[in-house]
Novice: 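My questions all concern the structure below.
In this chain, residues are counted from 1 in sequence order.
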Amino acid sequence: MLNLSSSGGSGNYIRFSPQANAWTNSNNEEIQLKKVVFDIDNVQTGWLLLAVGQREWNPDVALGKKGPQPTPEHKRGFMVTLYNKEIGAAEWSSNGVGPNMGLEALYNAVSAQRAANAGKLPVIEYTGAKLEKIGKGTTRVPAFNIVSWIERPAGMDSVQAQDDGEQQFTASGTVAQAAPAKSAAAQAVEEDEMF
């Protein structure tokens, strides 16, 4: 179930910082996390190394099935996609104790409701973070409520449309003609009712 992939995705991500008690995006801007679709079907667990200028992800063979720890610096972590129109499809990953605890609680809550909502994904809402004492230190654990269950939004899997001024190249290296109409994926994103 929690098979974490090694792909980096689109590079669009969000992070929760227990120290700052804040969410940030891939531009390092603080954001207010609103209702998002939680991609429970593609949650991954594994060993994650985070250091200045370095990120190395080693996914488990199967969700929650620990493989050998690559180095002492690698910590247990996760990777999952969250989505709404505002942030797009954004990767949330962490190897921090607080975020790990928050993701595990969310995953367990969503799993308990899954059978009654077959084929759908949960819409979740961030409700704040609880200060927790862990060993000799403290952390903050992000908490979520399950708001509803919906069909997978079309925009969740779409590739972001390129800017009109950006040139696209064909396999032979020639400049491709820009299509004047919106792509089907861009149109699907606009048609998503809530997300």
Side-chain angles (χ1 to χ4, degrees), residues 1-7 9 12-26 30-50 55 57-67 69 73-84 86-153 156 194-195:
M1 277 180 146
L2 294 179
N3 265 338
L4 299 176
S5 75
S6 57
S7 67
N12 185 29
Y13 63 83
I14 60 172
R15 298 287 180 259
F16 176 73
S17 170
Q19 298 82 2
N21 194 21
W23 291 89
T24 54
N25 62 18
S26 46
E30 188 171 333
I31 61 168
Q32 299 301 314
L33 188 66
K34 300 179 181 165
K35 292 178 185 172
V36 291
V37 180
F38 173 65
D39 191 0
I40 188 170
D41 295 332
N42 294 297
V43 175
Q44 297 179 16
T45 56
W47 293 101
L48 179 60
L49 169 66
L50 292 174
R55 180 182 187 277
W57 173 243
N58 292 280
D60 294 336
V61 175
L63 189 65
K65 304 284 186 200
K66 269 190 206 182
Q69 186 176 8
E73 289 77 33
H74 283 76
K75 297 178 185 173
R76 291 297 292 165
F78 66 86
M79 188 163 58
V80 66
T81 299
L82 303 179
Y83 171 80
N84 68 22
E86 190 175 333
I87 64 171
E91 172 198 289
W92 176 34
S93 64
S94 180
N95 65 0
V97 174
N100 281 352
M101 291 170 67
L103 184 276
E104 188 153 4
L106 173 61
Y107 186 86
N108 291 338
V110 168
S111 293
Q113 296 183 19
R114 241 179 141 181
N117 296 283
K120 294 184 176 182
L121 294 177
V123 175
I124 61 169
E125 182 174 35
Y126 173 65
T127 59
K130 181 181 175 188
L131 198 60
E132 289 274 342
K133 186 165 176 50
I134 306 292
K136 295 180 180 178
T138 58
T139 189
R140 284 190 179 85
V141 179
F144 304 89
N145 280 337
I146 301 167
V147 176
S148 62
W149 289 77
I150 63 170
E151 296 296 325
R152 184 180 193 88
M156 198 161 191
M194 286 181 62
F195 298 91

Novice: Below 3.5 Å, can you tabulate the donor-acceptor pairs from side chains in residues 121-129 to any protein atom, sequence neighbours excluded?
Specialist:
unit_1 : atom_1 : unit_2 : atom_2 : d
Y126   : OH     : A129   : N      : 3.4
T127   : OG1    : A143   : O      : 3.2

Novice: Just checking, is any N or O donor in the side chain of Q113 or W149 under 3.5 Å from an acceptor N or O on the other one?
Specialist: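 The answer is yes; a qualifying pair exists.
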Novice: With sequence neighbours excluded, tell me which residues meet salt bridge (charged side-chain N to carboxylate O under 4.0 Å, His left out) with E104.
Specialist: none
Novice: Identify, with sequence neighbours excluded, every residue that meets side chain to side chain donor-acceptor pair (under 3.5 Å) alongside S93.
Specialist: R15, R55, E91
Novice: List the residues meeting side-chain contact (heavy atoms from CB on, under 4.5 Å) with N95, not counting sequence neighbours, and say none if there are none.
Specialist: L48, L50, K75
Novice: When the aromatic ring centroids of W57 and W47 are compared, is their separation below 6.0 Å?
Specialist: no
Novice: Are any non-hydrogen side-chain atoms of E132 and R140 less than 4.5 angstrom apart?
Specialist: no
Novice: For the pair N42 (side chain) and T81 (backbone), establish whether a donor and an acceptor sit closer than 3.5 Å, ignoring hydrogens and angles.
Specialist: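 Flag not set: sc N42 to bb T81 has no pair under 3.5 Å.
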Novice: Suppose we screen for side-chain contact (heavy atoms from CB on, under 4.5 Å). Which residues come up paired with K34, at least two apart in sequence or across chains?
Specialist: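 K34 satisfies side-chain contact (heavy atoms from CB on, under 4.5 Å) with N84, E86 only.
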Novice: For T24, give me all partners under side chain to side chain donor-acceptor pair (under 3.5 Å), at least two apart in sequence or on another chain.
Specialist: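 Here no residue qualifies.
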Novice: Is the shortest side-chain N to carboxylate O distance from D60 to R76 below 4.0 Å?
Specialist: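 Result for this pair is yes, salt bridge flagged.
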Novice: Please name the residue in the list F78, F38, Y83 that meets the ring-ring contact (aromatic ring centres under 6.0 Å, His included) test with W92.
Specialist: F78
